[in-house]
Participant: 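Next up is a structure, given as structure tokens.
Quick caveat: nothing in here was measured; it's all calculated off a predicted structure.
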Amino acid sequence: MPSLTATYTSPTSTEPKVFSSELPALSSPPSTQDRVAYLAALGSSLKGLQGDINAFLTQKMEEDKAKGASTGDDATLEETYGEEVVDED
């Protein structure tokens, strides 16, 4: 079964964090209805994966704050980790 995967690596961590979401299989040859359903599932999986990654990075930022690894400036932390905004369609 196909999947959507993203891997986060950090210079402070020895093991990468892997995020994954299963995608539906396409029939061969796929009908237009199958393609539309697949693209809808892909879009949903992308948003879910993005939400999981953002939650993980927020947790990492909070851990770094607790350790005193940053100046406590949220703008600096967001610059370090990045922040993606999930489109609300």
Participant: Ser21 and Ser45: which non-hydrogen atoms are nearest, and at how many Å?
Facilitator: OG-OG, 3.3 Å
Participant: Identify, with sequence neighbours excluded, every residue that meets side chain to side chain donor-acceptor pair (under 3.5 Å) alongside Thr14.
Facilitator: none
Participant: For Pro16, which residues count as a side-chain contact (heavy atoms from CB on, under 4.5 Å) partner, sequence neighbours excluded?
Facilitator: Thr7, Thr9
Participant: Working to the nearest 0.5 Å, report the span between NZ of Lys60 and CD1 of Ile53.
Facilitator: 14.0 Å
Participant: Tell me whether Leu46 is reachable from Val36 by hopping between hydrophobic residues (I, L, V, M, F, W, Y) whose side-chain heavy atoms are closer than 4.5 Å.
Facilitator: no
Participant: What pairs of residues pass the ring pair (Phe, Tyr, Trp, His ring centres under 6.0 Å) test when at least one of them lies in residues 19-45, not counting sequence neighbours?
Facilitator: Phe19-Phe56
Participant: Can you list the residues that meet the side chain to side chain donor-acceptor pair (under 3.5 Å) rule with Gln33, with sequence neighbours excluded?
Facilitator: none
Participant: What residues form a side-chain contact (heavy atoms from CB on, under 4.5 Å) with Ser28, not counting sequence neighbours?
Facilitator: none
Participant: Restricting to side chain to side chain donor-acceptor pair (under 3.5 Å), what partner residues turn up for Ser44, sequence neighbours left out?
Facilitator: none
Participant: Please enumerate all residues that pass side chain to side chain donor-acceptor pair (under 3.5 Å) together with Asp34, with sequence neighbours excluded.
Facilitator: Ser27, Ser31
Participant: Testing Leu4, Asp52, Thr5 one by one against Ser20 for a side chain to side chain contact (heavy atoms under 4.5 Å, CB included), which residue passes?
Facilitator: Thr5
